[in-house]
Amino acid sequence: MVRAAVQVGPRQIELREFPRPQVGPDDGLLRVEANGICGSDVETYKGHMGVHSGPFVPGHEPMGIIEEVGERAAKRWGVQPGDRVALEVIVPCRACHKCLTGRYQSCPHRSIAHGVTGVDVEPSLYGGFAEHLYLTPNAVLHKIDPSIPAEIAVMFNPLGAGVRWAAHLGGIGLGDTVLVLGAGQRGIASVIAARAAGAGTIITTGLAADEHKLALAREFGADHTLVVDGDDAVDTVERVREITDGEMADVVLELTPMAAAPLTDALLAARHGGTVVLAGLKGNREIPLRTDLIINRALTVRGAFGVDAPAYAEAIALIESGRHPLEKLHTHTFGLEDTALAIETLAGEVPGESAVHVSVHPSS
Ligand SMILES: [Zn+2]
Ligand SMILES: [Zn+2]
């Protein structure tokens, strides 16, 4: 049997056992070493995401060791039992026009998503908060050096976001001034990626309660950190004007959840011809936007949906390089039975705990 954390309703997670999946020639079985937690896990836990119709195993950032793999799957994936791999969330069909032209994240034939698919779909084990995860034939795998501590290796997901947003969508070039709005784990990951991409000046914003995260952002390469609320709040746009001598930012990343004001700040803080990447979801609300700013400043505004294979590959290379003290980002490790507590800790609901990167380690 395989133990898994199953979400059965808002804020309701229970441990259940499922039969260990049988592996055929085209599929495999992963022993989950670690699964990271992000803001969307918190929203899902609270019941805000609305994509689940029944019980499911959450956890969409799984990483672990190949325990069993079918003969054809081993060839297709290029893996053997004992290899460590990270999984992408989406399982595309790999054959339709969208898949073949690199837009596999919008594959219309994707049926399975890790951490989303319900337990009614056999063999039920599609989420990372479980001792084992079923590797369905079209799963997208990335190998990671097994000698790296699990809580660091599992940062492939937030770092992948940083690479995708800062380097790929932001197109950061040597010496560019970069403004990162938001200092969560993905904000800090964006600072790391911006540094690696050759950014000049990096400015990060955060809330007064996020001082520990802003300190980490400075440690990973932010030159200026701005507190935007409370008694010492500064005006982000004015500070960027001062710091850049009026040149403003080449690239702005808007990563704040829910808040509307940072969107306008992002447009105002970008230079003429600059790029603004939007990755902070606002709960599907309609938000007033000064579109004249986009026109008059000739801005490129890009929406960031998920992380793709090239970004994961570069993020894993960043991790394997050992050049960044990523252990400083990791604050909490939990066992499978404490999955709910892990999510609440990242959510900031546990008094006295300041979380940045939190992971659940189901099979340790
Ligand atoms: Zn996530
Ligand atoms: Zn497809």
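Counting from 1, the numbers follow the sequence of the chain as shown. Numbering of ligands and ligand atoms starts at 1, following listing order.
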Asn157 pairs by side-chain hydrogen bond (donor to acceptor under 3.5 Å, both in side chains) with which of Glu88, Arg186, Gln185, His60?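 Result for side-chain hydrogen bond (donor to acceptor under 3.5 Å, both in side chains) with Asn157: Arg186.
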Sole candidate of Glu67, Arg3, Glu68 that passes side-chain hydrogen bond (donor to acceptor under 3.5 Å, both in side chains) when paired with His132: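 Checked Glu67, Arg3, Glu68 against His132; only one passes side-chain hydrogen bond (donor to acceptor under 3.5 Å, both in side chains): Glu67.
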Do you see a donor-acceptor pair shorter than 3.5 Å between the side chains of Ser359 and His357? no
Is the distance from the Zn ion (ligand 1) to some N, O or S atom of Glu61 under 2.8 Å? yes
Tell me if the CZ atom of Arg290 is crowded by more than 12 foreign heavy atoms within 6.0 Å.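 12 or below, so no.
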With the Zn ion (ligand 2) at the centre, find the angle made by SG from Cys93 and SG from Cys99, to 10°.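 Answer comes to 110°, rounded to 10°.
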Using the Zn ion (ligand 2) as the apex, give the angle to atoms SG (Cys107) and SG (Cys96), rounded to 10 degrees.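 That angle works out to 120° after rounding to 10°.
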